[in-house]
Amino acid sequence: MPASEPSPSATPAPRPAGEPQQNVSFPSAGGAAHGYLALPPAGRGPAVLVIQEWWGLTEHIADVTRRLAAEGFTALAPDLYGGAVAHDAAEAGRMMGALPVDRGVELLSGAVDYLLGLPEVTSSSVGAVGFCMGGGFVLQLAATDPRVSAAVPFYGVIQGELPDFTGTRAEVLGHYGEQDGSVPPDSLDALRAALEKQAGITPDLRLYPAGHAFFNDRRETYHAEAAAQAWESTLGFLHSRLEQTPGR
């Protein structure tokens, strides 16, 4: 069932062919930010933030946002690069390196403000789903913003040291590849220990017989079976967590 278009309250703008995936703008971090918003068929639903890979707000991320909307969520993918999209790994690495973690978290918190302020949102908290760089930002955002109640990092690359998880209120479901050289499976032990010690949360960190970016069906690393399993569990997790929060 296709996701519906944003209502007039979301004020989508037309997107020329070839431009980055954007259809809404909103205030964030002291300026104007942009993103891609998709609404569920019913027109209203729990809030989910979708956080981009290091490539930018690509068609893949927009597609994930639409897929979440089709499952009943009001989903927003904020554009952390301000409209830029990388065309190769070297460029993606430079763009990620030019975005300080604190700045990225600030932009994402502004996106949470915007998302929770929409009349199309029925939850009082948000879920956050992110991929690669975005998976790291899922955990960074959850560590600083208690409005995140469900955190789903896909092969999340945490830049620098692990954040202080003392203020984390989100339950965590993580998806990782057994053959991922960017996020080796044994590195998850430190993440699990930090969440348990600092936040009292035991994360559900799952491993799949796949490599990095196994969910991205536009890349050669795509693993259909692992992606399907991770997606099904993510939907159940988000519905369970977000439907527990008081409605509006």
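With values rounded to the nearest 0.5 angstrom, Leu118 atom CG is found 8.0 Å from Leu76 atom CG. To the nearest 0.5 Å, atoms CD (Glu53) and CE (Met133) are separated by 9.0 Å. Annotation: the span from Glu120 atom CD to Leu39 atom CG amounts to 5.0 Å, rounded to 0.5 Å. The distance from atom CD of Glu243 to atom CG of Leu238, rounded to the nearest 0.5 Å, is 10.0 Å. To the nearest 0.5 Å, atoms CD (Glu178) and CG (Leu207) are separated by 5.5 Å. If you take CG on Leu115 and OG1 on Thr74, they are separated by 7.0 Å, rounding to the nearest 0.5 Å.
Side-chain N/O atoms of His175 and Tyr208 include a donor and acceptor closer than 3.5 Å.
Annotation: side chain of Leu108 is not in contact with side chain of Val112 (no heavy-atom distance under 4.5 Å). In this structure, the side chains of Glu171 and Phe237 come closer than 4.5 Å at one or more pairs of heavy atoms. At a threshold of 4.5 Å between non-hydrogen side-chain atoms, the residues Leu107 and Arg103 count as touching. Between Val126 and Val48 there is no side-chain heavy-atom pair separated by less than 4.5 Å. Counting heavy atoms from C-beta outward, Phe154 and Thr234 have side chains that approach closer than 4.5 Å. Between Pro203 and Glu196 there is a side-chain heavy-atom pair separated by less than 4.5 Å. Side-chain contact between Val172 and Leu195 is present, with at least one heavy-atom pair separated by less than 4.5 Å. At a threshold of 4.5 Å between non-hydrogen side-chain atoms, the residues Ile158 and Pro163 count as touching.
Of the options Ile51, Val50, Val157, a side-chain contact (heavy atoms from CB on, under 4.5 Å) to Phe131 is made by Val50 and by none of the others.
At least one donor-acceptor pair closer than 3.5 Å links the side chain of Ser233 to the backbone N or O of Ala230. Distance alone, capped at 3.5 Å, is enough to place a donor-acceptor pair between the Thr144 side chain and the Leu141 backbone. Formation of a donor-acceptor pair under 3.5 Å by the Thr65 side chain with backbone atoms of Ile61 is found in this model. One N or O on the side chain of Gln179 and one on the backbone of Ala210 form a donor-acceptor pair closer than 3.5 Å. Counting only distance, with no hydrogens or angles, the side chain of His223 and the backbone of Pro209 share a donor-acceptor pair below 3.5 Å. Side chain of Ser123 to backbone of Ala47: a donor-acceptor contact under 3.5 angstrom is found. In this structure, the side chain of Arg44 engages the main chain of Pro119 through a donor-acceptor pair within 3.5 Å.
Summarising the geometry of Ala143 relative to Thr168, their closest heavy-atom pair is CA-OG1, 3.3 Å, with the distance given to 0.1 Å. Between Ala142 and Ala170, the closest heavy-atom pair is CB-CB, 4.2 Å. Shown here for Gly127 and Leu242, the closest heavy-atom pair between the two residues is N-CD2, 3.5 Å. Closest heavy-atom contact between His212 and Cys132: NE2-SG, 3.3 Å. Here the closest heavy-atom approach between residue Pro184 and residue Ser187 is recorded as O-OG, 2.5 Å. In this structure, Ala75 and Ala69 approach most closely via the heavy-atom pair CB-N, 4.5 Å.
Each of Phe215 and Tyr222 belongs to its own hydrophobic cluster when Ile, Leu, Val, Met, Phe, Trp and Tyr are linked at side-chain heavy-atom distances under 4.5 angstrom. Connection of Tyr176 to Ile201 is not established within any shared hydrophobic cluster, with ILVMFWY side chains joined at heavy-atom distances below 4.5 Å, either directly or through further cluster members.
Between Asp145 and Arg169, none of the side-chain N atoms (NZ, or NE/NH1/NH2) sits under 4.0 Å from a carboxylate O, so this pair counts as no salt bridge. Electrostatic pairing of Glu59 and Arg66 counts as a salt bridge here, judged by a charged N lying under 4.0 Å from a carboxylate O.
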* To do: Test side-chain contact (heavy atoms from CB on, under 4.5 Å) on Tyr36 and Asp79 and set out the steps.
  => CA-CA 8 Å; Tyr36 186 86; Asp79 191 338; over 6 Å; no
* To do: Report the C-alpha separation of Phe137 and Leu99 in whole Å, then their side-chain angles, then the decisive distance to 0.1 Å, and conclude whether the side-chain contact (heavy atoms from CB on, under 4.5 Å) test is met.
  => CA-CA 11 Å; Phe137 271 122; Leu99 177 65; 4.0 Å; yes
* Can you check side-chain contact (heavy atoms from CB on, under 4.5 Å) on Gln140 and Gln159, steps first, answer last? -> CA-CA 9 Å; Gln140 296 278 2; Gln159 301 174 67; 5.7 Å; no
* Asked: Given Leu80 and Gln52, is the side-chain contact (heavy atoms from CB on, under 4.5 Å) satisfied, shown in steps?
  -> CA-CA 8 Å; Leu80 296 179; Gln52 68 192 53; 3.8 Å; yes
Under 3.5 Å, sequence neighbours excluded: what are the donor-acceptor pairs made by side chains of residues 88-97?
unit_1, atom_1, unit_2, atom_2, d
Asp88, OD1, Ala90, N, 3.2
Asp88, OD1, Glu91, N, 2.7
Glu91, OE1, His87, N, 2.8
Glu91, OE1, His87, ND1, 3.4

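Here Phe73 and His239 bring their ring centres to under 6.0 angstrom of each other. Taking the six-membered ring where the residue is Trp, the centroids of Tyr155 and Phe214 are separated by under 6.0 Å.
Within 6.0 Å of atom CD in Glu225, 12 or fewer heavy atoms from other residues, nucleotides or ligands are found, so the atom counts as exposed in its surroundings.
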